[in-house]
Protein chains: 2
Amino acid sequence: MPASLPPSATVEVRDRCICFRTQRAARALARRFDAAFRSFGITQGQFSLMMSLNRDQPPAMGEVAAFLAMDRTTLTAALKPLVRRGLVLTSADPKDTRARRLSLTDEGRMLLAEALPVWRDEHDAVDRLLALEGGLDLEALHSGIGVLGQQNIERSK
Amino acid sequence: MPASLPPSATVEVRDRCICFRTQRAARALARRFDAAFRSFGITQGQFSLMMSLNRDQPPAMGEVAAFLAMDRTTLTAALKPLVRRGLVLTSADPKDTRARRLSLTDEGRMLLAEALPVWRDEHDAVDRLLALEGGLDLEALHSGIGVLGQQNIERSK
DNA sequence: ATAATATACGTTGATATCAACATAAATATA
DNA sequence: TATATTTATGTTGATATCAACGTATATTAT
């Protein structure tokens with residue numbers, strides 16, 4: 001006799017699942033910021049990725065993937081359109097032939113500089129939206145989401 | 001003369017962007033729950049989607065997409081493997097020929113019933129992980145993420 | 001020095017995600 | 001009733017996401 005699935009189970013998952021809620025929030029926020037960046041021809045993911053490359057020392061792929069809590073191979077795929085458009089540059093590391101260093105091109109840096117005020121405006125708008133919801137602790141929300149993204153991404157060997 | 005992009009901009013985005021943080025958290029959590037559900041051959045997204053179909057009245061696609069804060073067309077694509085595997089059934093609405101009602105098959109319901117305790121275990125594990133972080137307001141985190149996912153998803157006409 | 005292990009990355013295949021475009025049916029308006 | 005509008009959905013193309021598998025290089029152990 002097969003186990004049944006009471007409606008209470010659905011309610012339990014809907015009301016408690018942090019994973020579901022986060023995926024849902026991620027979709028909603030992605031649509032918002034994607035729309036904001038559309039005139040630049042980039043997505044929020046591309047904005048975040050490129051922004052993480054704005055360092056003195058060009059980081060290797062592994063470092064960037066870890067910082068983004070993203071699978072290594074996802075990063076490889078995500079770089080393709082950016083490299084193709086000349087926004088990002090990959091170069092070999094002279095010290096370690098295996099590693100690939102990632103850096104912004106001048107064009108990429110310029111695009112980010114132009115998109116930055118748009119990001120600020122959109123972020124302010126979201127902050128205002130959240131402020132309208134009474135009794136929402138934004139500090140706790142922010143730090144909590146931060147912690148959620150800091151789990152490591154090691155693959156079992 | 002092109003605008004420059006100071007390192008402080010990178011830090012500002014890294015430390016403040018709720019969108020970035022949420023995407024990052026969504027990836028980390030998805031990997032975790034995907035791994036937990038792997039023996040059932042489903043992902044966390046498929047679990048959430050199927051769970052949202054466990055109702056008396058089979059919901060139409062639009063309702064489900066709105067509930068998941070997911071684009072309509074994403075839902076269409078996400079249903080394909082589930083229908084193919086016989087876990088979900090789509091049927092025409094006699095009252096409205098345009099609408100397609102979504103329901104779980106017995107097999108789908110059975111799979112969810114078996115996966116439910118695994119979900120509980122994994123969720124408890126995440127809760128414990130978060131509890132280890134001092135000074136984290138889980139209630140505030142949970143409700144805040146909930147609000148973030150409740151933005152509407154209307155397309156401009 | 002050689003073998004074993006670990007590290008850094010790529011490719012392929014499947015699903016997830018959404019915009020742009022398109023169709024058909026229901027509803028409202030004239 | 002005929003037309004216009006709205007609603008519910010599908011298709012295509014591009015990017016995002018990750019697991020499984022594979023390759024080459026660096027490091028460690030023998």
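In what follows, chains carry the letters A, B, and so on, assigned in the order in which the sequence lines appear, proteins first and then strands, with residues in each chain numbered from 1. From a predicted model like this one, the values you see are computed outputs, not experimental measurements.
Contacts with DNA chain C (heavy atom under 4.0 Å) in residues 84-95 of chain B: B:R84, listed by number.
For the side chain to side chain donor-acceptor pair (under 3.5 Å) test, no residue two or more places apart in sequence or in another chain qualifies with B:D137. For A:R38, there are no salt bridge (Lys or Arg N to Asp or Glu O under 4.0 Å) partners two or more places apart in sequence or in a different chain.
Comparing atom distances between the B:R98 side chain and each of C:dA24, C:dG10, D:dC18 picks out C:dA24 as nearest. With C:dT15, D:dA20, D:dT11 as the choices, the nucleotide that has an atom nearest any side-chain atom of B:T73 turns out to be D:dT11. Side-chain proximity of B:D96 to C:dA26, D:dT9, C:dC18: nearest is C:dA26.
Between the CZ atom of A:R100 and the P atom of D:dT23 there is a distance of 18 Å, given to the nearest Å. Rounded to whole angstrom, the span from the CE atom of B:M50 across to the P atom of C:dA16 amounts to 10 Å. Nucleotide D:dT15 holds its C1' atom 11 Å from the CD atom of A:Q44, rounded to whole Å. Regarding B:M61, its CE atom lies at a distance of 13 Å from the C1' atom of D:dT11, rounded to whole Å. One can place CG of B:D71 at 15 Å from P of D:dA8, the figure rounded to the nearest angstrom. Across the protein-nucleic acid pair, A:F37 atom CZ and D:dA14 atom P stand 23 Å apart, rounded to whole Å. A straight line from CD1 of B:I42 to C1' of D:dA19 spans 17 Å, rounded to a whole angstrom. Here the C1' atom of nucleotide C:dC9 and the CE atom of A:M70 are 16 Å apart, to the nearest Å.
For D:dC18, the OP1/OP2 oxygens have a side-chain nitrogen or oxygen of A:T74 closer than 4.0 Å. OP1 or OP2 of C:dT17 sits under 4.0 Å from a side-chain N or O of A:R27. Under 4.0 angstrom from either OP1 or OP2 of C:dA16 there lies at least one side-chain N or O belonging to B:Q46. Distances shorter than 4.0 Å separate some side-chain N or O of A:T76 from OP1 or OP2 on C:dG10. Of the side-chain N and O atoms in A:T97, one or more sit less than 4.0 angstrom from OP1 or OP2 of D:dA26. Between C:dC18 and A:R38, no contact under 4.0 Å exists linking OP1 or OP2 to a side-chain N or O. Of the side-chain N and O atoms in A:R72, none sit less than 4.0 angstrom from OP1 or OP2 of C:dA8.
When heavy atoms are screened at a 4.0 angstrom cut-off, B:A60 is found touching the sugar-phosphate backbone but no base atom. Counting non-hydrogen atoms under 4.0 angstrom, B:G62 reaches the backbone sugars and phosphates but no base. At the heavy-atom level, B:A77 lies under 4.0 Å from base atoms of the strands shown.
Between A:E63 and A:R101, at least one side-chain nitrogen of the basic residue sits less than 4.0 Å from a carboxylate oxygen of the acidic one, meeting the salt-bridge criterion. B:E107 and B:R85 are not joined by a salt bridge, as no carboxylate oxygen comes within less than 4.0 angstrom of a charged side-chain nitrogen.
Between the side chain of B:T105 and the backbone N or O of B:G86 there is at least one donor-acceptor pair closer than 3.5 Å. A side-chain donor-acceptor contact under 3.5 Å links B:Q46 to the backbone of B:T43. Under a 3.5 Å cut-off, the side chain of B:T74 and the backbone N or O of B:M70 do not form any donor-acceptor pair. In terms of modelled atom types and a separation under 3.5 Å, the side chain of B:N54 and the main chain of A:L5 share a donor-acceptor contact. Side chain of A:D93 to main chain of A:A99: no donor-acceptor pair is present (N/O by atom type, distance under 3.5 Å, no hydrogens or angles).
The bend of the helix from C:dA1-D:dT30 to C:dA30-D:dT1, defined by the angle between the axes of its first five and last five pairs, stands at 20° to the nearest 10°.
The residue among B:D34 and B:A99 whose nearest nucleotide of DNA chain D lies closer to the 5′ end is B:A99.
Residue pairs meeting the ring pair (Phe, Tyr, Trp, His ring centres under 6.0 Å) criterion with at least one partner in residues 54-86 of chain B, sequence neighbours excluded, are A:F20-B:F67. Sorted by first then second residue, the ring pair (Phe, Tyr, Trp, His ring centres under 6.0 Å) pairs that include residues 124-148 of chain B, not counting sequence neighbours, number zero.
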